[in-house]
Amino acid sequence: MARTHYAAELNASHLGKTVFVAGWVDHRRDHGGLIFVDVRDRTGLVQIVAEPGNPGFLELDRVRSEYVVGIEGVVRKRPQGMVNPDLASGDVEVVPVAVTVYSTSKTPPFNLSEAETVDESLRLKYRYIDLRRPELTRNLILRNQSLMAIRQFFHRNGFLDIETPSLARSTPEGARDFLVPSRTRPGAFYALPQSPQIFKQLLMVGGLDRYYQIAKAFRDEDLRADRQFEFTQIDVEMSFVDRETILSLMEDMLRDLFLNVLQVELAPFVRMTWHEAMMQYGSDKPDLRAGRPLITLTQAAKGVSWPVLSQARHVVGVLLNDYKPSRKELDQWVAMARDDGAEGLVWLMHEDTGVRCSASKWLVPQDIQVILDAADSKPGDTLLILSGEDFAVYEIAGRLRLSLAKQQGRIESGWRFLWVTEFPLFEWSKEENRLASAHHPFTMPVLADLDRLDSDPLSVRSQAYDVVLNGTELASGSLRIYQPDIQQRIFSALGMSAKEAQNKFGFLLEAFQYGAPPHGGIAFGLDRLLMLMAGTESIRDVIAFPKTARGNDPLMDAPSEVSEHQLAEVHLSLRR
RNA sequence: GGUCCCGUCGGUUAGUGGCCUAAGCCGCCGCGUUGUCAGCGCGGAGAUCAGGGGUUCGAAUCCCCUCGGGACCGCCA
């Protein structure tokens, strides 16, 4: 006999029907003459009840937690007062006609009901048990619903789902590659793609026009709560479009996703340039939920008598509306700012009767008034001020703003999406002592900035954009370079000789000589997006079989050693 | 590569130099229980205190190393 209903589907509409439910024993309650068994499947629970003389009584008497059972039985209404409002099927129960025990189970290594507190590596080792928990089951169902909605959206909009290789070529720039030794070409290696970036650009040259893929990407960098070695991207590329078309389409995609899966209507996304984001939030991924933006006080401070403020190139304020901190908190914040690299932190407590200020020795009342006015501070507010020569004071102020909001529970709820645009094209790599691409080397510069490519490359803006949600970077994209000459100039700005560029990206430069369309795209971190949608703290909660923070898989015990024979086949020997 | 935290019955916690023959709760096993749903009652089993080395009359407890786990910094175009 086969399953006729899922557990949580059963309700008063099935009264009197004979059904077949199957699943795992969640819990057994034995009253001697009366046995209750909760059967669990991926939808939830249903209660089975049997009295002595019931044809399934002896089987139900011997089942234990996590046994696998199939129950044919009749749905009946629970007696008066015995309804369980916490269960979807709580109005009814099933009286067995026949009970089959398919599998027994050893005592589970941890209690499913208190798994939240159990060491995660143990749960990963027994992931197949952990997955039976409603929370994880729900996350994987959410993942499936999301994938379906996303695929349908792209299908409706004329995109082609095209697969790209997992065995690719190692490329310079970017993250550390996962290498795969070649058997057929001794001493050579494939690399697992850090993203399908180059392939999707070649698809545009190939005329496929609108491409998307739910693709695995691989980066051999240290893991974090929101980072795994391998992760899933929603990868998109389009030809013959302007930036606006891409941004509004992707906004539609997310709106469609949230409406379909979470029944949430998203507000239009906020837009700001990278420069605005840095000035207002000290971050390229602002969390708009964490209170008001930073306040630039540089101009106002010019007039005060204290050189620490008046002479500083940057003076930034964090205003806490209607908050009166304790002395201990103030000291803690000063220490926090110092630890973060600030030279100091000045605080002003704006009270009805006057102002208390940590720098009252140096600031006359008139100075203080000028600053409070510039910050639009009202009595009851507290103003924190950082100053310095380096633009980094904005970043320090931004982190302070965020951690204070968290500390004080001032993070608002909601889905605060925004676009950050016009990122710098380059950033300075201290490690390699050269320019590096901020996004990737195929990003189109703002053409008006191109004449500064040699004289002031760090000021060159790019036509790149990010989607940010609640302080998390969800997606990154750009219009791409499709002109070989511009691409060559970028490579050389990155310190790559023409010969080197030819050697590493010759195939791409060559492709662009055979008719490259203008194109651009974006890639979303699907796991992070799902993590936020599921309301969890780690992307491991939305991945069926994740790895630990050190990149181990406790379930398969990967990575593992391999035999000498296997090594020899791929022409490797281990260094001692 | 770095900083910090953690490792005690199957799970989760207590124990921070002698009172530890290592305690509680959940789970497990046995008996009893006809309306439970975190079932209840009674009884029982279960721990070389992650591993190794050291200090000490004496170590779960202090020190060192290794292994494993977590968070963060670096890194993640």
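Chain letters run A, B, ... following the sequence lines, proteins first and then strands; every chain starts at 1. We use all heavy atoms of the structure for the numbers below, so side chains are in, but hydrogens, waters and symmetry mates are not.
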Would you say the side-chain atoms of A/Arg528 and A/Thr472 include a donor-acceptor pair closer than 3.5 Å? no

Determine the interatomic distance between P on B/rA45 and the same-named atom on B/rG24; round to the nearest Å. 12 Å

Taking protein heavy atoms under 4.0 Å as touching, what does nucleotides 4-14 of chain B look like 5' to 3' if B marks base contact, S marks sugar-phosphate-only contact and - marks none? ------BBS--

Would the base of B/rG1 count as contacting A/Arg176 through its side chain, where contact means a donor and an acceptor less than 3.5 Å apart? no

Result of checking A/Lys106, A/Arg28, A/Arg40 against A/Glu66 for salt bridge (Lys or Arg N to Asp or Glu O under 4.0 Å): A/Arg40

Once each nucleotide of nucleotides 32-38 of chain B is scored for protein heavy atoms under 4.0 Å, what B/S/- sequence comes out, 5' to 3'? -BBBBBS

For the pair made of CG in A/Asp553 and C1' in B/rG69, what is the distance, rounded to whole Å? 14 Å

Taking for each residue the nucleotide of RNA chain B with the nearest heavy atom, is it A/Glu221 or A/Ser113 whose nucleotide lies nearer the 5' end? A/Ser113

Answer with base, sugar-phosphate or nothing: what part of the nucleic acid does A/Ala225 contact at a heavy-atom distance below 4.0 Å? sugar-phosphate

Please report the distance, rounded to the nearest Å, between CG in A/Leu223 and C1' in B/rG69. 13 Å

For A/Gln197, answer base if it contacts any base atom (sugar-phosphate contacts may also be present), sugar-phosphate if it contacts only those atoms, and nothing otherwise; contact means non-hydrogen atoms under 4.0 Å. base

Distance check needed: B/rC75 C1' versus A/Gln228 CD, whole Å only. 16 Å

Please measure how far the C1' atom in B/rC62 lies from the corresponding atom in B/rU16, and state the result in whole Å. 10 Å

For A/Arg133, is there an ion pair with A/Asp130 - N to carboxylate O distance below 4.0 angstrom? yes

Tell me the closest heavy-atom pair linking A/Val393 and A/Leu386, and the distance in Å. O-CD1, 4.2 Å

Quote, to the nearest angstrom, the P distance that separates B/rU61 from B/rC9. 14 Å

Base-pairing assignment for B/rC76 (Watson-Crick or G-U wobble, both under 3.5 Å): none

Classify the side chain of A/Arg219 and the base of B/rC76 as holding, or not holding, a donor-acceptor pair under 3.5 Å. no

Under a 3.5 Å cut-off for both contacts, is B/rC57 paired Watson-Crick or G-U wobble with anything, and if yes, with which nucleotide? B/rG18

Looking only at side-chain N and O atoms, does A/Tyr281 offer a donor or acceptor that is under 3.5 Å from a partner on A/Asp287? no

Between A/Ser121 and A/Ala438, which residue's closest nucleotide on RNA chain B lies nearer the 5′ terminus? A/Ser121

Any strand, both distances under 3.5 Å, Watson-Crick or G-U wobble: B/rC37 pairs with none

What verdict does the side chain to side chain contact (heavy atoms under 4.5 Å, CB included) test give for A/Val460 and A/Val446, after you've listed the backbone C-alpha separation in whole Å, the side-chain angles of each residue and the deciding distance to 0.1 Å? CA-CA 7 Å; A/Val460 175; A/Val446 171; 6.0 Å; no

Please report the distance separating the C1' of B/rA59 from the corresponding atom of B/rC20, rounded so that it comes out in whole Å. 12 Å

Are A/His31 and A/Phe36 close enough that their ring centers fall under 6.0 Å? yes

Sub-4.5 Å side-chain heavy-atom contact between A/Phe505 and A/Met496: yes

Check: A/Asp222 side chain, B/rG74 base, donor-acceptor under 3.5 Å: yes

Looking at B/rC28, which nucleotide sits across from it as a Watson-Crick or G-U wobble partner, both distances under 3.5 angstrom, or is there none? B/rG44

If we call it a pair only when both distances are under 3.5 Å in a Watson-Crick or G-U wobble match, what pairs with B/rU3? B/rA71

Expressed in angstrom and rounded to an integer, what is the separation of A/Arg227 atom CZ from B/rC75 atom C1'? 7 Å

Go through the side-chain N and O atoms of A/Thr164 and A/Gln213 and say whether any donor and acceptor fall under 3.5 Å apart. yes

Just to be sure I understand the rule, does A/Ala175 reach a base, reach only the sugar-phosphate, or reach nothing, if contact means heavy atoms closer than 4.0 Å? sugar-phosphate

If you measure from the C1' atom in B/rA47 to the same atom in B/rG7, how many Å do you get, rounded? 14 Å

Nearest-angstrom distance from the residue atom CG of A/Asp177 to P of B/rC75: 18 Å

Categorize A/Asn552 for me: base, sugar-phosphate, or nothing, with a 4.0 angstrom heavy-atom threshold over every strand shown. sugar-phosphate

Using the C1' atom as the reference point in each nucleotide, state the distance between B/rC63 and B/rG17 in Å, no decimals. 13 Å

A/Arg480 and A/His440: CA distance, side-chain angles, deciding distance, side chain to side chain contact (heavy atoms under 4.5 Å, CB included) verdict: CA-CA 10 Å; A/Arg480 323 297 185 190; A/His440 57 55; 3.2 Å; yes

B/rA71 phosphate, OP1 or OP2: any side-chain N/O from A/Arg540 under 4.0 angstrom? yes

Separation of B/rC76 C1' from A/His440 NE2 (nearest whole Å): 15 Å

Check the angle between the aromatic planes of A/His275 and A/Phe391 and answer parallel, tilted or perpendicular using the 30° and 60° thresholds. parallel

Short side-chain N/O contact from A/Thr548 to OP1 or OP2 of B/rG70, under 4.0 Å: yes

Using a 4.0 Å heavy-atom cut-off across all strands, classify A/Thr171 as base, sugar-phosphate, or nothing. nothing

Measure across A/Asp177 and A/Asp220 and return the closest heavy-atom pair with its distance rounded to 0.1 Å. O-CB, 4.0 Å

Counting only Watson-Crick or G-U wobble pairs whose two distances fall under 3.5 Å, which nucleotide matches B/rC49? none

For A/Asp340 and B/rU3, give me the distance from atom CG to atom P, rounded to whole Å. 19 Å

Which value, in whole Å, describes the distance between the C1' atoms of nucleotides B/rG69 and B/rA50? 11 Å

Whole-Å distance between B/rG27 C1' and A/Arg28 CZ? 14 Å

Nearest-angstrom distance, P atom, B/rG52 to B/rC25: 31 Å

